[in-house]
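Report on one structure; see the data block that follows.
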Amino acid sequence: MSFPLLTATALTPAIGAVVTATVPAARRTLAKWLALFFSLATVGFAAAVLLRFDTGSGADRFQLTESRSWIEDFGVRYELGVDGIGVAMIALTALLIPFLIGAGWRDADPEENEGAERAENRRWRPTQAFFALILLVEAMVIMSFAATDIFLFYIFFEAMLIPMYFLIGGFGDRAGEQGEEGQARQRSYAAVKFLLYNLAGGLVMLAAVIGLYVATADQLPEGTFSLQQILQARAAGELDFGTGTERWLFLGFFVAFAIKAPLWPLHTWLPNAMGESTAPVAVLITAVVDKVGTFAMLRFCLGLFPEASSWATPVVLGLALVSIIYGALLALGQRDIKRLIAYASISHFGFIVLGIFAMTSQGQSGATLYMVNHGVATAVLLLVAGFLIARRGSRLIQDYGGVQKPAPKLAGAFLIGGLATLSLPGLGPFVSEFLVLVGTFSRYRVAGIIACVGIVLAALYVLVLYQRTMTGPVKPGIEKLPDLRVREIAVVAPLVALLIFLGVFPKPITDIVNPAVEHTLSDVGKTDPEPELPAVEAAP
């Protein structure tokens, strides 16, 4: 029996979460180092997954598979497997977590200006719990990317809401405009809104999951939740949901994934959650957790319901375009730095969904590459913004100005993160956004043209943000702003290097992703449009 590599990759941070949480309260530094150790061990397992994945043309669609009986009476199995898209997302998740732990090294510590007695009594922000919850989220996200049993996927898709709720509500940003009680109310509101939105989507999906099992039980020897078995039965003509049933099931899955992504108009929880979270948790939300939604659209919506996916494509493309323009416009009008980045992310998720439902190889490869590049670019921008906010104690753009003079390294890193966000050529997001637009334009020209407006708006909100915060006269309170420290440089520099590497050489990721994209397009019965060439008359 081969080594269960996918289980080990997900189990490592889960064990780390338990070990970190049990460290005595007085030894919070030990808890930090243990969390970092387990996150780095997870990177090692993820690297092994990457190295063992075969991108050859004759390779199986799902690799490193594991299958064990679990709840036999209901057809539920412990089944794991990854295609190229899953490998890319597991690698992104494992890579980002150590940097988030490093960036949040002091986020859950008692404030230095608190009295010893008050700091000792702050049991609601234990350092151990903060890092344990981050590791727990990592474990659940990796399981979501690896699960090929739909019921197993659903369990982790929903379970990750619990640690995220506590990370948002219990370990929020300390730089709000209100006092301590007002900040606590805002954190509580953001956490509850996050939970209710995603729970509502999960309940809709649960009904669809049950409906899927019933539909398979009617036509197959027994009901099943196995993605691989359902795909094989559909390919063999043994399973046909029928038009009406398939469309209802598609809607049940899609609504849950659109909330998680998030896609307009189901997006309103994201600005609150990101605004009230610490910077590492905000990155965890938008760069890791939200990617489960767009990943699941590719794996489950398109794979399980090809006819319904084609039927819904015009509406989904419309929603994606609204997300692109609406998110960018609202980003332009924000006074809060983190809320601006949140609305920018809504615009970016619109591009990802646009690429997925363009139903072209360029669009879907670009969308997957966009998921990776957006995760890295957003991590750079948000973490540097978090360092800045922690120094000044304010999230308001108007409280900054001239930062580049006292803190040139911080301003430089912020500029690189911003330029990546607007998809500057030479940085990772440019390639992915270009592929999405090319893939969309080749099949839906009007949608491709409208989406280009988002590029112009992105340049506006990023450059205006940089101009207002980093350039111009030095505002009062900024004169002695510390520059990036060694720990902060160690967090940001590798991510900046990765952005540049992926900008000039994205081939390692596209080689992994492209075979999976071909399988997805085959599921929905689509091929790339033939180029339209003008007729050339033969010379007399």
Side-chain angles (χ1 to χ4, degrees), residues 168 172-173 175-177 186 189-190 193-194 197-198 258-279 281-291 293-294 318-354 370-371 373-386 388-389 394-398 400 414 417-423 429 433 436 450-469:
I168 297 169
D173 197 343
E177 298 178 65
Q186 289 295 322
Y189 172 78
K193 190 173 184 180
F194 162 83
Y197 265 71
N198 284 274
I259 292 174
K260 184 81 77 177
L263 188 67
W264 182 91
L266 305 170
H267 67 284
T268 59
W269 63 268
L270 183 65
N272 297 102
M274 287 182 62
E276 299 304 323
S277 299
T278 61
V281 174
V283 175
L284 189 65
I285 293 170
T286 189
V288 177
V289 172
D290 288 356
K291 297 299 190 303
T294 47
L319 296 178
L321 290 173
V322 173
S323 291
I324 292 170
I325 307 301
Y326 174 86
L329 288 174
L330 263 66
L332 272 171
Q334 292 304 306
R335 298 167 54 244
D336 184 306
I337 295 175
K338 288 202 293 185
R339 287 180 70 90
L340 185 153
I341 299 172
Y343 280 109
S345 291
I346 292 169
S347 182
H348 295 147
F349 277 106
F351 276 107
I352 294 171
V353 175
L354 186 72
Y370 210 132
M371 286 189 256
N373 285 323
H374 172 262
V376 180
T378 301
V380 173
L381 187 60
L382 259 175
L383 293 181
V384 176
L388 179 65
I389 292 167
S394 173
R395 302 200 303 255
L396 296 180
I397 297 172
Q398 66 189 25
Y400 297 90
F414 193 81
L419 293 177
T421 298
L422 63 81
S423 300
E433 191 164 279
V436 166
I450 296 173
C452 289
V453 177
I455 302 176
V456 179
L457 294 175
L460 284 175
Y461 62 68
V462 168
L463 295 178
V464 168
L465 172 64
Y466 183 83
Q467 183 268 330
R468 291 180 178 175
T469 56

Which heavy atom of [X] sits nearest to which heavy atom of [Y], and what is that distance?
X      : Y      : value
Gly418 : Leu381 : N-CD1, 3.7 Å
Leu263 : Ala320 : CD1-CA, 4.0 Å
Ala377 : Ala420 : CB-CB, 3.7 Å
Gly350 : Ser323 : CA-CB, 3.9 Å
Leu319 : Pro265 : CD2-CD, 4.3 Å

Minimum side-chain heavy-atom gap [X]-[Y] below 4.5 Å:
X      : Y      : result
Val281 : Met274 : no
Tyr400 : Ile389 : yes
Val283 : Val288 : no
Ser277 : Ile285 : yes
Tyr466 : Leu419 : no
Thr286 : Ile341 : no
Leu465 : Gln334 : no

Checklist entry - Does Arg395 use its side chain to pair, donor to acceptor, with the backbone of Gly275 at less than 3.5 Å? => result yes
Checklist entry - For the side chain of Trp264 and the backbone of Ile346, is there at least one donor-acceptor N/O pair under 3.5 Å apart? => result no
Checklist outcome for this item: For Phe414, the ring-ring contact (aromatic ring centres under 6.0 Å, His included) test, sequence neighbours excluded, returns none
side-chain contact (heavy atoms from CB on, under 4.5 Å) involving [X] - partner list, sequence neighbours excluded:
X      : result
Ser347 : Ile324, Ala328, Phe351
Ala344 : His348, Tyr461
Leu460 : Leu332, Leu457
Val462 : Thr421, Leu422

When rounded to the nearest 0.5 angstrom, what is the spacing between [atom1] in [X] and [atom2] in [Y]?
X      : Y      : atom1 : atom2 : answer
Asp336 : Glu276 : CG    : CD    : 8.0 Å
Ile337 : Gln398 : CD1   : CD    : 10.5 Å
Thr278 : Ile168 : OG1   : CD1   : 10.0 Å
Lys193 : Leu270 : NZ    : CG    : 10.0 Å
His267 : Tyr326 : NE2   : OH    : 3.5 Å
Leu266 : Asn198 : CG    : CG    : 10.0 Å

Next on the checklist: Can you tell me if Tyr189 has over 12 outside heavy atoms packed within less than 6.0 Å of its OH?
Outcome noted: no
Which residues share a side chain to side chain donor-acceptor pair (under 3.5 Å) with [X], sequence neighbours left out:
X      : value
Ser423 : Glu433
Lys260 : none
Thr378 : His374

